[in-house]
Amino acid sequence: MKLAAIDIGSNAARLLINEVTENKKGEPEFTKLNLLRIPLRLGMDVFSYGEIREERQKMVIDSMKVFSDLMKIYNVEYYRACATSAMRDAQNGAEIRKKVKETSGIEIEIISGDEEASLIYENHIAETLDKDFGYLYIDVGGGSTEVMYFENGKMKFKKSFNIGTIRLLNGLVKEEQWKEMKEELKTKIVSKKPMLAIGSGGNINKIFSLSKTKDGKPMSADMLKKYYKEFAALTVEERMHRYKLREDRADVLVPALEIFNKIMNWTDISKIFVPKISVADGLIHSIYEQVKNKA
């Protein structure tokens with residue numbers, strides 16, 4: 001079975017195409033066939049002007065046509081297209097969804113921050129890890145940060161905060177928002193167990209790759225602080241040249257590290273795992289479950 005997930009975030013849109021087969025035990029095995037990322041940066045328009053302006057509207061429509069064609073080429077049977085923080089906040093979000101449907105046939109769902117958090121959780125990473133720990137999922141996007149706490153096989157806390165890399169770059173996060181996040185985490189995430197973090201999003205994946213940490217091993221909070229200090233001291237151009245980064249990654253790494261560092265500091269977490277999971281992966285898992293349950 002071939003499935004596709006489209007994740008339209010505040011920084012980029014992604015199309016993930018997977019083939020799902022079942023092993024002898026009847027368990028699903030997911031094989032990535034294609035992953036295409038287009039840096040639409042919708043948040044740059046929405047968080048400053050309240051809407052997606054003409055140039056980026058055209059980029060969204062053209063990107064969805066490309067995604068639609070690719071899904072046809074791969075013979076995708078089922079798909080879901082979800083838009084998050086920027087499209088949620090855009091005054092003309094419904095109008096753009098209509099244009100996309102007319103031009104490419106793709107039906108975009110605008111999902112809430114809680115739904116976004118649940119999609120990250122669909123990857124069920126914590127369930128495969130040591131039960132003696134509590135696990136804090138941290139997913140940092142362009143428009144929002146989703147935080148979930150998992151302990152003893154159960155989700156104990158889930159919250160979406162309107163603090164993201166594009167908002168920070170544009171100076172749109174107020175001190176009160178940081179205070180609210182800090183208080184929420186300090187009062188709601190209380191455990192007798194030691195805690196570890198599970199990080200997701202393109203920025204933490206890039207840091208993990210730069211750090212040369214072995215797959216399956218965690219990075220330390222100290223390492224994240226070191227990278228924050230290092231990157232913050234450089235211009236965007238210097239980061240691009242020194243670390244071979246694209247511009248749309250080089251500029252958001254510093255605000256992303258600021259978010260991760262603050263959350264880990266407030267929750268006294270010293271280590272973070274970075275499995276290769278994303279909203280798109282969670283979408284693929286949720287589509288598979290829905291199809292299986294209908295069968």
Side-chain angles (χ1 to χ4, degrees), residues 9-11 43 85 113 116-117 120 125-126 133-150 157-191 194-213 217-236 238-239 242-243 245 248-278:
S10 304
N11 198 26
S85 185
E116 196 177 341
I120 292 293
I125 295 294
F133 291 86
Y135 294 94
L136 187 71
Y137 284 84
I138 309 166
D139 181 63
V140 174
S144 62
T145 293
E146 278 62 51
V147 180
M148 294 143 284
Y149 183 62
F150 184 92
F157 172 81
K158 176 171 72 171
K159 178 97 185 206
S160 177
F161 298 91
N162 271 349
I163 296 175
T165 58
I166 301 282
R167 288 190 204 265
L168 278 167
L169 272 186
N170 288 301
L172 297 169
V173 176
K174 297 187 175 105
E175 197 53 46
E176 300 89 79
Q177 288 172 277
W178 284 120
K179 279 183 187 163
E180 185 210 330
M181 184 192 255
K182 181 180 180 179
E183 280 169 29
E184 193 89 4
L185 296 178
K186 280 188 164 289
T187 54
K188 301 280 173 65
I189 300 170
V190 181
S191 176
M195 291 189 280
L196 294 167
I198 297 173
S200 59
N203 294 301
I204 197 72
N205 274 291
K206 177 49 75 177
I207 294 295
F208 185 79
S209 153
L210 290 171
S211 75
K212 305 281 195 295
T213 305
K217 297 287 180 189
M219 282 193 297
S220 69
D222 286 343
M223 186 177 278
L224 292 194
K225 285 174 194 158
K226 176 185 89 76
Y227 274 112
Y228 176 75
K229 202 173 168 184
E230 217 168 281
F231 286 130
L234 302 171
T235 65
V236 171
E238 285 168 338
R239 287 174 217 158
R242 193 173 298 185
Y243 297 97
L245 299 169
D248 66 287
R249 180 64 68 210
D251 61 353
V252 289
L253 273 175
V254 170
L257 282 164
E258 182 182 1
I259 297 168
F260 278 106
N261 284 332
K262 282 186 169 169
I263 292 174
M264 289 176 71
N265 181 33
W266 293 334
T267 51
D268 292 320
I269 293 176
S270 62
K271 288 181 180 173
I272 182 165
F273 285 93
V274 188
K276 288 182 172 65
I277 58 169
S278 66

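Reckoned from all heavy atoms, side chains included, excluding hydrogens, waters and symmetry mates.
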Worked check of salt bridge (charged side-chain N to carboxylate O under 4.0 Å, His left out) between Lys179 and Glu183:
CA-CA 6 Å; Lys179 279 183 187 163; Glu183 280 169 29; over 6 Å; no
Here the gap from Met264 atom CE to Ile272 atom CD1, rounded to the nearest 0.5 Å, amounts to 5.0 Å
Both conditions, 6.0 Å and 45 degrees, for the charged tip of Lys159 above the ring of Phe157: are they met here?
no
Please check this pair: side chain of Thr145 against backbone of Ile163, looking for a donor-acceptor N/O pair closer than 3.5 Å.
yes
One should read off an interatomic distance between Met223 CE and Leu210 CG, to the nearest 0.5 angstrom, of 10.5 Å
Below 4.5 Å, heavy atoms only, C-beta onward: do Asn203 and Leu257 meet side chain to side chain?
no
Would you name the heavy atoms of Val252 and Asp248 that are closest together and state the gap between them?
CG2-O, 3.4 Å
Here the pair of heavy atoms bringing Gly143 nearest to Arg167 is O-NE, 2.6 Å
Quick check: do Val140 and Phe161 have side-chain heavy atoms less than 4.5 Å from each other?
no
Residue pair Val254 / Tyr228, side-chain heavy-atom distance below 4.5 Å
yes
If you compare all heavy atoms of Asp139 against all heavy atoms of Ser200, which two are closest, and at what distance to 0.1 Å?
OD1-OG, 2.7 Å
Counting the benzene-type ring for Trp, do Phe231 and Tyr243 have ring centres under 6.0 Å apart?
yes
Which distance, rounded to the nearest 0.5 Å, do you find between the CZ of Phe273 and the CD1 of Ile198?
8.0 Å
Please check if atom NZ in Lys158 has more than 12 non-hydrogen atoms from other residues, nucleotides or ligands closer than 6.0 Å.
yes
Kindly determine whether Glu184 and Lys188 satisfy salt bridge (charged side-chain N to carboxylate O under 4.0 Å, His left out), including the steps that lead there.
CA-CA 6 Å; Glu184 193 89 4; Lys188 301 280 173 65; 3.2 Å; yes
Could you check if a side-chain atom of Leu224 sits within less than 4.5 angstrom of a side-chain atom of Ile204, using non-hydrogen atoms only?
yes
Calculate, to the nearest 0.5 Å, the distance between atoms OG1 and NZ belonging to Thr267 and Lys262 respectively.
14.0 Å
Compare every heavy atom of Phe150 with every heavy atom of Tyr137, then report the nearest pair and how far apart it is.
CE1-CB, 4.2 Å
Is the shortest side-chain heavy-atom distance between Arg239 and Leu245 below 4.5 Å?
yes
Write down the atom of Ser211, the atom of Met219, and the distance for their closest heavy-atom approach.
OG-SD, 3.5 Å
Kindly say whether Asn162 contributes a backbone atom to a donor-acceptor pair with the side chain of Gln177 at under 3.5 angstrom?
yes
Take a 6.0 Å sphere around NZ of Lys226 and say whether it holds more than 12 heavy atoms from other residues, nucleotides or ligands.
yes
So, taking the atom named CG in Leu253 and the one named CD in Glu230, what distance separates them when rounded to the nearest 0.5 Å?
11.5 Å
Reported CG-to-CD1 distance for the pair Leu185 and Ile263, which is rounded to 0.5 angstrom:
6.0 Å
Looking only at heavy atoms, which two atoms of Ser10 and Ile166 are closest? And how far apart?
O-CG1, 4.2 Å
Side-chain heavy atoms of Asn205 within contact of Lys276, under 4.5 Å:
yes
For residues Asp222 and Lys225, determine if any side-chain heavy atom of one lies less than 4.5 Å from a side-chain heavy atom of the other.
yes
